[in-house]
Amino acid sequence: MTKVVLITGAGIGIGAACAKAFAAEGAHVVVTDVLKDEGEATVKAITDAGGSAEFQPLDVTDTAAADALVADIEKRHGGIDTIVANAGIAHRVPIDELTDEKWDHTFDIDLKGMFRVIRPAVPGMCKRGKGAIVCLSSIMGVAYGWDEHVHYSSAKSGVVGLVRGLAVELARSGIRVNGIAPGYIRTAQLLSEEHSLGPKGAETAGDNIPMGRIGEGEDIADVATFLASEKARYITGQVITVDGGLLVGRY
Ligand code: NAP
């Protein structure tokens, strides 16, 4: 049976790399994003390579849309095997400018946005007695502090709690829930001068990473496909750091 994989924020970056990796393994990938053109481009890259995918617009702050999309996928495809809750934003905001609205906006996407997509899919996964959920946290959520990004760090730490709680609640239903904490990965998010390292910072960041380079989306995607696979059948509730040795480095 073809596996059905739902990925949020899959038009670009880590989400797009995950979509391509799952499709390469023979899954049907439901590529979702707020970015329509980019989402459709991800689907085209997959289908051009002989894979199976469809684009569905989804803003993860919209509960009704998440509920409707999950119901629609289940109706058309018979169920969802894997969710990669990936969509996220990381805006630089110093604490004296961090309004309630800015804090809430980040949490609404980076933490509640994951919950919104997972919640409607859980009953179907429970009924079928199987499912795998992979949530994107960050090294900023599991170990590092990130100045002018405390809302982001807090939300990404929240993802660890989401993973642990759900893993325990759903384990006996045959559903595994894990996370990935990426280090520095070459995507639009990281290359943003305004909000993150920017292109120059990305160039030199490798000097401080034991493996000597920043990561690529594919470095994360391969871990996502592993965590969702039978090979990870006894792993649940874990958030795996994928950072080229950054956190254990001595620099
Ligand atoms: P990215 O390149 O910015 O891609 C994220 C995607 O999610 C974009 O298409 C983005 O659209 C979309 N998105 C934003 N808000 C959304 C919403 N409300 N609903 C649906 N989609 C939305 O980011 P990335 O670097 O691939 O990151 C993917 C995940 O990994 C994120 O959760 C991020 O925090 C995490 N992560 C990344 C790194 C890194 O170094 N890159 C490190 C640790 C963790 P817009 O472009 O319009 O915002």
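One-based numbering, in listed order, for ligands and for the atoms of each.
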S.K.: Considering only heavy atoms of Leu58, which atoms of ligand 1 have at least one such atom less than 4.0 Å away?
M.R.: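 Those qualifying, in numeric order: 19 (N), 20 (C).
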S.K.: Looking only at protein heavy atoms, identify the closest one to atom 21 (N) of ligand 1 and say how far it is in Å.
M.R.: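 Minimum-distance protein heavy atom for atom 21 (N) of ligand 1 reads Ala87 CB, 3.5 Å.
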S.K.: State the CG-CE distance between Asn86 and Met114, to the nearest 0.5 angstrom.
M.R.: 7.0 Å
S.K.: Please round to the nearest 0.5 Å and tell me the distance separating atom OG1 of Thr82 and atom CE of Met125.
M.R.: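 Nearest 0.5 Å value for the OG1-CE distance: 6.5 Å.
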S.K.: Please classify the Lys156 to ligand 1 contact at 4.0 Å (heavy-atom distances, strictly less than): side chain, backbone, both or neither.
M.R.: side chain
S.K.: Considering only heavy atoms, which of Asp243, Thr61, Asp59 lies nearest to atom 17 (C) of ligand 1?
M.R.: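 Considering heavy atoms of Asp243, Thr61, Asp59, the nearest to atom 17 (C) of ligand 1 sits in Asp59.
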S.K.: Return the CG to CZ distance between Leu227 and Arg233, rounded to the nearest 0.5 Å.
M.R.: 13.5 Å
S.K.: Please find the pair of heavy atoms, one from Glu216 and one from Ile185, that lie closest to each other, and give the distance.
M.R.: C-CG2, 3.5 Å
S.K.: Within this structure, what is the CD1-CH2 distance for the pair Ile95 and Trp103, rounded to the nearest 0.5 Å?
M.R.: 7.5 Å
S.K.: Tell me if the CZ atom of Arg119 is crowded by more than 12 foreign heavy atoms within 6.0 Å.
M.R.: yes
S.K.: Would you mind checking which non-hydrogen protein atom is closest to atom 47 (O) of ligand 1, with the distance to 0.1 Å?
M.R.: Leu35 CD2, 3.3 Å
S.K.: Given that the side chain starts at C-beta and the backbone is N, CA, C, O, which of these parts of Ile14 lies under 4.0 Å from ligand 1, counting heavy atoms, or is it both or neither?
M.R.: both
S.K.: Polar contacts were defined as any N/O atom of the residue lying under 3.5 Å from an N/O atom of the ligand; does this apply to Val60 and ligand 1?
M.R.: yes
S.K.: If you take all heavy atoms of Val239 and Ser137, which pair is closest and at what distance?
M.R.: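 Looks like CG1-CB, 4.2 Å.
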S.K.: For atom 6 (C) of ligand 1, which protein heavy atom lies nearest, and how many Å away is it?
M.R.: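 Among all protein heavy atoms, the one nearest atom 6 (C) of ligand 1 is Gly9 O, 3.6 Å.
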S.K.: On a heavy-atom basis, I'd like to know which of Thr187, Leu136, Asn86 is closest to atom 31 (C) of ligand 1.
M.R.: Asn86
S.K.: Atoms of ligand 1 less than 4.0 Å from Ile89 heavy atoms?
M.R.: 14 (C), 15 (N)
S.K.: Enumerate the atoms of ligand 1 whose separation from the nearest heavy atom of Tyr184 is less than 4.0 angstrom.
M.R.: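 With Tyr184 as reference, the close atoms of ligand 1 come out as 40 (O).
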S.K.: From atom 42 (C) of ligand 1, work out which of Gly183, Ala205, Ala17, Ala155 has a heavy atom at the shortest distance.
M.R.: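 Answer by nearest heavy atom: Gly183.
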S.K.: Go through ligand 1 atom by atom and flag the ones less than 4.0 Å from a non-hydrogen atom of Ala188.
M.R.: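 Answer, ordered by atom number: 2 (O).
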S.K.: Enter the distance from Thr99:OG1 to His151:NE2 here, rounded to the nearest 0.5 Å.
M.R.: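 Reported value, rounded in 0.5 Å steps: 9.0 Å.
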S.K.: Classify the contact between Ile220 and ligand 1 as side chain, backbone, both or neither, using a heavy-atom distance cut-off of under 4.0 Å.
M.R.: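 Neither; no heavy atom under 4.0 Å.
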S.K.: Roughly how far, to the nearest 0.5 Å, is CG of Asp59 from CG of Leu69?
M.R.: 12.0 Å
S.K.: Checking the N or O distance criterion of under 3.5 Å, is ligand 1 in contact with Ile185?
M.R.: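 Yes; at least one N/O pair falls below 3.5 Å.
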S.K.: Nearest to atom 35 (C) of ligand 1 by heavy atom, Cys135, Gly113, Gly88, Ser137: which?
M.R.: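 The residue whose heavy atom sits nearest atom 35 (C) of ligand 1 is Ser137.
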S.K.: Using heavy-atom distances only, which candidate in Thr106, Val34, Asp110 approaches atom 11 (O) of ligand 1 most closely?
M.R.: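 Considering heavy atoms of Thr106, Val34, Asp110, the nearest to atom 11 (O) of ligand 1 sits in Val34.
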S.K.: For atom 9 (O) of ligand 1, what is the closest protein heavy atom, and at what distance to 0.1 Å?
M.R.: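 Going by distance alone, atom 9 (O) of ligand 1 is nearest to Asp33 OD2, 2.7 Å.
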S.K.: For atom 38 (C) of ligand 1, what's the nearest protein heavy atom and its distance?
M.R.: Gln189 OE1, 3.7 Å
S.K.: Could you pull out the closest heavy-atom pair between Asp108 and Arg116, with the gap in Å?
M.R.: OD1-NH2, 2.7 Å
S.K.: Classify the ring geometry of His149 against Trp146: parallel below 30°, tilted from 30° to 60°, perpendicular beyond 60°.
M.R.: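 Taking Trp146 first and then His149, their aromatic rings lie parallel (interplane angle under 30°).
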S.K.: For atom 4 (O) of ligand 1, what's the nearest protein heavy-atom neighbour? Residue, atom name and distance, please.
M.R.: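 Of the protein heavy atoms, Ile12 CG1, 3.6 Å lies nearest.
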S.K.: Of all the non-hydrogen atoms in the protein, which one sits nearest to atom 34 (O) of ligand 1, and at what distance?
M.R.: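 Of the protein heavy atoms, Tyr152 OH, 2.7 Å lies nearest.
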S.K.: Could you check whether atom CD of Glu148 has more than 12 heavy atoms from other residues, nucleotides or ligands sitting under 6.0 Å from it?
M.R.: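 Yes, enclosed.
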S.K.: Side chains of His28 and Glu54: any donor to acceptor distance under 3.5 Å?
M.R.: yes
